[in-house]
Each structure stands twice: as C-alpha cells, then as structure tokens.
Amino acid sequence: MNKYIKILLVFFGLILVISVIWFFQNPGSLFAFGPGVQDFSKNLTGGYTLYRNSAHEIFAAPDDGWNSEASIIPSKIININVYNEFIVAERQGLKRRNPNDSLDTYEIPDESIKDFWILNTDKNYVLGNLNRTDFKRKLDSLHIPAGIELVDIYKY
C-alpha cells in the first residue's frame with residue numbers, strides 16, 4: 001500500500017510542476033475563462049477609442065463618453081484605420097436574431113450588409129452607410145489616400 005501512495009504522490013507532483021511551468025510561460029492564461037476575456041479597447045485619433053464589448057459589439061466612440069450629439073461609428077466594425085483626424089472603417093451590418101420576438105433584442109452579423117464609414121474627429125461628423133464607390137469618392141474629396149489599408153480590428 002505504501003508503494004501506491006508514493007506513485008500517487010509522484011503523479012500529483014508531476015502534474016503540479018507541469019502546471020507551474022505552463023503558467024509562467026503563459027501568464028494569465030490559466031485564469032482566462034469566462035465572459036469578457038477577449039474584450040479590449042484601443043486608442044484611435046482625436047480622443048476616440050475602438051471598443052470591443054462582445055463578439056458583435058465593436059464600435060468607435062469618444063473615450064470620455066458620448067451622447068446623442070457625439071459622432072460614433074456603430075457596431076460591428078471589422079476593419080479600421082486612421083489618417084490624421086479621420087477614422088476610416090468597414091462595418092458589417094447586424095440584424096436581430098429573432099425579428100418576430102420583441103423580447104429578443106440580441107443582434108447577429110448580417111453577411112449581406114457591409115458598408116464603409118468615415119468619421120472626422122475634429123469637426124464631429126460622420127459619413128456612414130457608404131458603398132465602395134461612394135467611399136472611394138469621399139476619400140478623394142477629403143484628401144485621404146485612396147490606398148489607405150483598412151486593418152482587421154484584431155491586428156490594429
């Protein structure tokens with residue numbers, strides 16, 4: 001019986017050592033479970049921030065809070081970049097998961113809707129719901145390089 005206890009203690013000790021080594025190689029990953037572990041915010045330009053509050057709630061807004069008079073780019077931003085005082089973004093539209101259920105207000109991505117947005121942080125105005133052609137025209141009229149690369153929000 002004493003032999004089995006020793007084997008059991010060695011086995012548990014080995015598991016503990018492996019866990020400690022893994023924890024120090026990946027700090028914080030041992031406890032990265034549950035809601036909110038992927039949420040983040042990234043500074044943009046002109047006092048604006050890109051917020052990711054959930055998988056589908058990704059938007060750009062002033063970092064000191066906002067009201068109905070502040071210009072924002074609503075959810076779901078998928079690609080973004082900045083040029084001087086402008087925030088340029090590609091957005092995927094959202095639709096209600098159950099449009100017939102008034103209590104279910106959860107929104108999911110609508111693959112058929114993609115549009116472009118340009119937000120001027122200096123003058124507090126936003127141009128939204130632009131198709132690709134209108135987007136290119138607005139970039140030209142605002143003197144934003146037409147070749148501006150919109151970067152995936154997770155790589156930005």
Side-chain angles (χ1 to χ4, degrees), residues 15 18-156:
I15 289 175
I18 290 172
S19 298
V20 168
I21 291 171
W22 183 70
F23 175 74
F24 284 112
Q25 287 181 347
N26 306 303
S29 62
L30 194 63
F31 304 105
F33 299 104
V37 296
Q38 296 291 325
D39 296 346
F40 60 80
S41 62
K42 295 181 180 181
N43 292 330
L44 296 171
T45 187
Y48 274 74
T49 301
L50 174 69
Y51 295 98
R52 182 193 189 277
N53 293 341
S54 70
H56 307 307
E57 191 177 331
I58 306 165
F59 60 96
D63 54 4
D64 60 352
W66 67 95
N67 55 32
S68 61
E69 295 176 10
S71 296
I72 67 167
I73 301 176
S75 294
K76 174 183 182 178
I77 296 175
I78 53 176
N79 297 310
I80 196 163
N81 210 336
V82 297
Y83 181 77
N84 295 334
E85 72 272 17
F86 295 101
I87 300 171
V88 182
E90 180 179 7
R91 190 181 71 98
Q92 183 172 27
L94 298 172
K95 62 182 179 182
R96 290 189 51 184
R97 178 175 48 190
N98 284 322
N100 297 330
D101 184 358
S102 63
L103 298 177
D104 186 3
T105 59
Y106 186 75
E107 293 183 319
I108 58 173
D110 186 348
E111 298 294 331
S112 66
I113 300 175
K114 288 202 177 162
D115 53 15
F116 297 90
W117 292 64
I118 303 171
L119 190 147
N120 184 326
T121 60
D122 283 351
K123 297 182 180 172
N124 191 34
Y125 73 83
V126 66
L127 304 168
N129 296 321
L130 302 170
N131 61 34
R132 189 170 296 278
T133 306
D134 292 338
F135 175 65
K136 295 290 185 185
R137 274 193 219 125
K138 291 294 182 185
L139 288 178
D140 186 45
S141 70
L142 295 168
H143 306 293
I144 300 172
I148 189 168
E149 179 185 358
L150 296 178
V151 182
D152 184 277
I153 60 155
Y154 298 104
K155 294 177 183 171
Y156 182 80

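When atom types are taken as modelled, the side chain of K42 and the backbone of I153 share a donor-acceptor pair closer than 3.5 angstrom. The backbone N or O of D63 sits nowhere less than 3.5 Å from a side-chain atom of N43 that would complete a donor-acceptor pair. Remark: the backbone N or O of E85 is paired with a side-chain donor or acceptor of T121 at under 3.5 angstrom. Side chain of D110 to backbone of S112: a donor-acceptor contact under 3.5 angstrom is found. Between the side chain of N120 and the backbone N or O of Y125 there is no donor-acceptor pair closer than 3.5 Å. A donor-acceptor pair under 3.5 Å is absent between the side-chain atoms of N81 and the main chain of V151, judged by distance alone.
The two atoms that bring L94 and S75 nearest to each other are CD1-CB, 3.9 Å, heavy atoms only. In plain terms, the two heavy atoms of Y51 and S41 that are nearest each other are CD2-CB, 3.9 Å. Nearest approach of N124 to E69, heavy atoms of both residues: ND2-O, 3.0 Å. Of all heavy-atom pairs between W66 and A61, the closest is CE3-CB, 3.5 Å.
Classified by interplanar angle (parallel below 30°, tilted 30° to 60°, perpendicular above 60°), the ring pair F135/F116 is parallel.
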Q) salt bridge (charged side-chain N to carboxylate O under 4.0 Å, His left out) between R137 and D140: does it pass, once the steps are laid out? A) CA-CA 5 Å; R137 274 193 219 125; D140 186 45; over 6 Å; no

Q. Should N131 and D134 be marked as a side chain to side chain contact (heavy atoms under 4.5 Å, CB included) after you check the CA-CA gap, both sets of side-chain angles, and the distance that decides it?
A. CA-CA 5 Å; N131 61 34; D134 292 338; 3.4 Å; yes

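Residues P62 and I72 meet the side-chain proximity criterion, which asks for heavy atoms closer than 4.5 Å. You'll find the side chain of L44 reaches within 4.5 Å of the side chain of Y156, heavy atoms only.
Other residues, nucleotides and ligands contribute at most 12 non-hydrogen atoms within 6.0 Å of the CZ atom of R132.
Distance check: R91 CZ to I73 CD1 gives 9.5 Å after rounding to the nearest 0.5 Å. Between T45 atom OG1 and D122 atom CG the span is 7.5 Å, to the nearest 0.5 Å.
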